[in-house]
Amino acid sequence: MSKNILENELFESFANASDNIYIYVCDMKTDLTRWSKNTVDYFDLEGEYITGNGPKWMEHIHPDDRAAYIADIENVFSGASSRHSCQYRAKNKYGDYVWLECKGSVISDENGNPLVFAGLMTRLDNQNKYDPLTLLLTSYEMQKYDFSTGRGTILLLGINSFRKINNTNGFLYGNKVLVALANCLTDLAGKEDRVYRLQGDEFIVLSPNGSKENLSRLFEKANDLCTNIRGLKSFSVSAGLVSYPENGTDFNTLMSNLEHSLEYAKDQKQGRISEFSEKISQRHLRTGMLREALTQSIHNNFEGFELYFQPILDAQTKKIVECESLLRWKTPEIQDATPYEFIKILENTGEIREVGFWVMEEALRHAAMWQKKYRDISVSFNVSYIQLLDGEFIDRLIAKAKELEVDPKLVMVELTESCNADDTKMLSRQFDKLQKLGFKIAMDDFGTEYASFGLLHDVSMDVLKIDQKFVRGLIRDGNMTDMAIIENVVNMCRQLSIQTVAEGIETKEIQDIIRSIGVSFLQGYLYSKPVPAAEFERMVEEERG
């Protein structure tokens, strides 16, 4: 059956129709998928024939687009729809995301049983000469440029926090921002410069015979103008810069180096420009190495991953009453990867979903063990907003707690990246479900974004964790701001019957100030850094005699 379905002249004919169209066909009985050869090459797939293709292709899809993709595919496979039609971004072999329009349909037998799922994906970035929104040239036109002759510089600009701009103000407003930046760049560009719009919020300024200094000045002027465009709120851009032929002589190499430079600029400090360098190149190579090692660890039953636990003390008794679970990872070859470094990679690849489930289950396993051993030690673990968008997460959390016989009253779920929470109604529903069963809900890093207050208004919280940047500043001479912020947050929480945790306590002086303000719980290096489970147990048992 698979040979008849997957190997025929019609597939070959469509597969060779265009370099910008990618063909697939899946035998739904055997779950064997055949991809056209140009798809295998462009997206660096493991082969032309892949069994169990779904999760593997999901790794290519941009994390922000996965929910829409899953919803559309589930409609097809549940029988609610016979056709798949969805636009999303997928990562190619260069590590860049490209927009695709994916259309497919299911063919069933005479009894209605699905036989084949087939379709095609079309590159949207290669469709038009001019971008219909900004009227700028598209990347398709830029690919025609000959970089092998002459010299020049290229600037890749990206709008900072553009997703948040869209989510806060709406897509129509976001389009106005894109048009405004396009007009700004067109006005600033020199006579020989060419301005292109790439996918999403990214723009290119190509300057044949131009200097790095000129494009750097253009970037600075663009950022200045972005703070004062009539009818729009202030926004900013970051940028990557390359030179040709020094940094490449073909479109794909130059774009890859530009994207890595832009990513580096945003990581260092939004609103800056980064020129491609050996440091950025090495960083990209390290990221690739870490990405492969992380995937290998996950496939090897999460080998190398471990939870560490940081004690949290009652502010009155200074006794350990809780601990926060924190993810660590290392392999024999890689010993120095920081959580910030590898968690970001997991988020970009989408593997944070699998690791997030592992963290949750490991935290519950320790909670079950310590509840039996110590009775009153509470365990908390971090959950991102993206994880809560996954419909399975809460159900799996509840089921696992029941399986392990964990008392929910001694488990706390900490929401990280709360400023990125767009759907507060969804969060409220998810957390209400947990709170009714006894689980505690905490907001991590409270105060780092104004949006935290909006979230507090819409979502019920049991605990607020005051960000350490306010706590550490308490002992600076003449600093009354952090004191005022913490006092007001604690007073507000007291009125709302919300407990507070002060993070980042590193000295006895800060501890005494925090205790005098009336914070509920204390956490920081003064008491302990995050430690392995056995070391945490030793601390608890030593304290309890």
Side-chain angles (χ1 to χ4, degrees), residues 61-65 87-92 94-100 123-143 145 147 153-167 171 173-186 188-189 193-207 215-216 218-223 225-226 229 232 235-242 244 247-248 251-276 280 284 348:
I61 299 175
H62 193 289
D64 292 345
D65 300 335
Q87 292 184 3
Y88 57 85
R89 289 161 288 181
K91 185 183 292 183
N92 62 21
Y94 302 103
D96 303 323
Y97 285 102
V98 295
W99 276 101
L100 300 174
R123 287 265 303 274
L124 295 180
D125 58 330
N126 282 351
Q127 293 296 299
N128 302 311
K129 180 174 182 177
Y130 293 100
D131 171 51
L133 177 64
T134 63
L135 304 182
L136 294 176
L137 292 168
T138 64
S139 62
Y140 180 62
E141 290 300 304
M142 184 177 169
Q143 290 182 52
Y145 191 84
F147 296 101
T153 52
I154 311 173
L155 188 69
L156 172 64
L157 301 98
I159 300 173
N160 297 319
S161 305
F162 185 67
R163 178 174 176 266
K164 188 174 180 180
I165 292 172
N166 264 339
N167 292 335
F171 284 98
Y173 179 89
N175 285 344
K176 290 181 180 178
V177 172
L178 292 171
V179 171
L181 180 56
N183 292 338
C184 172
L185 295 176
T186 302
L188 292 172
D193 296 344
R194 306 181 185 195
V195 183
Y196 303 84
R197 183 194 173 190
L198 302 188
Q199 59 192 24
D201 63 297
E202 293 183 350
F203 295 82
I204 284 281
V205 179
L206 168 61
S207 184
L215 281 192
S216 295
L218 183 149
F219 167 77
E220 298 293 343
K221 291 177 181 177
N223 248 334
L225 292 174
C226 289
I229 297 176
L232 297 178
F235 65 95
S236 65
V237 294
S238 298
L241 181 73
V242 300
Y244 62 90
N247 302 136
F251 174 80
N252 287 322
T253 299
L254 289 167
M255 284 306 306
S256 179
N257 291 340
L258 278 167
E259 290 286 0
H260 300 322
S261 300
L262 174 59
E263 180 184 6
Y264 182 82
K266 287 189 173 185
D267 280 350
Q268 296 302 302
K269 184 180 179 182
Q270 290 192 351
R272 65 168 287 173
I273 182 172
S274 291
E275 180 183 349
F276 184 73
I280 292 175
H284 172 59
N348 288 337

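Residues Leu241 and Ser261 are not in side-chain contact: their nearest non-hydrogen atoms beyond the backbone lie 4.5 Å or more apart. Inter-residue side-chain proximity for Thr253 and Tyr244 is flagged as unmet; no heavy-atom pair is nearer than 4.5 Å. Using a 4.5 Å heavy-atom threshold, the side chains of Asp131 and Tyr196 count as separate. Side-chain contact between Val205 and Arg194: absent, with no pair of heavy atoms (C-beta onward) separated by less than 4.5 Å. Side-chain contact between Leu215 and Phe219 is absent, with no heavy-atom pair separated by less than 4.5 Å. In this structure, the side chains of Ile154 and Met142 come closer than 4.5 Å at one or more pairs of heavy atoms. In this structure, the side chains of Ile159 and Leu178 come closer than 4.5 Å at one or more pairs of heavy atoms. Side-chain contact check for Asn92 versus Asn252: every heavy-atom pair is 4.5 Å or farther apart.
The line from CG of Leu137 to OH of Tyr145 is 13.0 Å long, rounded to the nearest 0.5 Å. Of the inter-residue distances, the one linking Glu202 atom CD with Leu156 atom CG reads 5.0 Å to the nearest 0.5 angstrom. To the nearest 0.5 Å, atom CG of residue Asp267 and atom CZ of residue Arg272 are 10.5 Å apart. Rounding to the nearest 0.5 Å places CZ of Phe276 at 6.0 Å from CG of Asn247. Here the OH atom belonging to Tyr130 is positioned 10.0 Å from the CG atom belonging to Leu136, to the nearest 0.5 angstrom. Once rounded to the nearest 0.5 Å, the distance linking CD1 of Ile204 with CG of Leu157 reads 8.0 Å.
Residues Asn160 and Ser236 share a closest heavy-atom pair of ND2-OG, 2.7 Å. Closest approach of Ile229 and Ala180 over heavy atoms only: CD1-CB, 3.9 Å. Shortest non-hydrogen contact noted between Ala182 and Thr134 is CB-CB, 3.7 Å. Counting all heavy atoms, side chain and backbone alike, Asn166 lies closest to Gly174 at OD1-CA, 3.2 Å. Lys266 approaches Asp201 most closely through the heavy-atom pair NZ-OD2, 4.1 Å. Between Phe203 and Arg197, the shortest heavy-atom distance links the atoms CE2-CG, 3.8 Å.
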> Run the side chain to side chain contact (heavy atoms under 4.5 Å, CB included) check on Glu220 and Ser216 step by step: do they pass?
Replying inline: CA-CA 6 Å; Glu220 298 293 343; Ser216 295; 5.6 Å; no
>> Quick one, Arg89 with Val98, criterion side chain to side chain contact (heavy atoms under 4.5 Å, CB included). Give me CA distance, side-chain angles, the key distance, then yes/no.
In response: CA-CA 5 Å; Arg89 289 161 288 181; Val98 295; over 6 Å; no
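Summarising the local packing, NZ of Lys176 is surrounded by 12 or fewer heavy atoms from other residues, nucleotides or ligands at distances under 6.0 Å.
Among Asn223, Ile273, Leu155, the single residue meeting the side-chain contact (heavy atoms from CB on, under 4.5 Å) criterion with Leu218 is Leu155.
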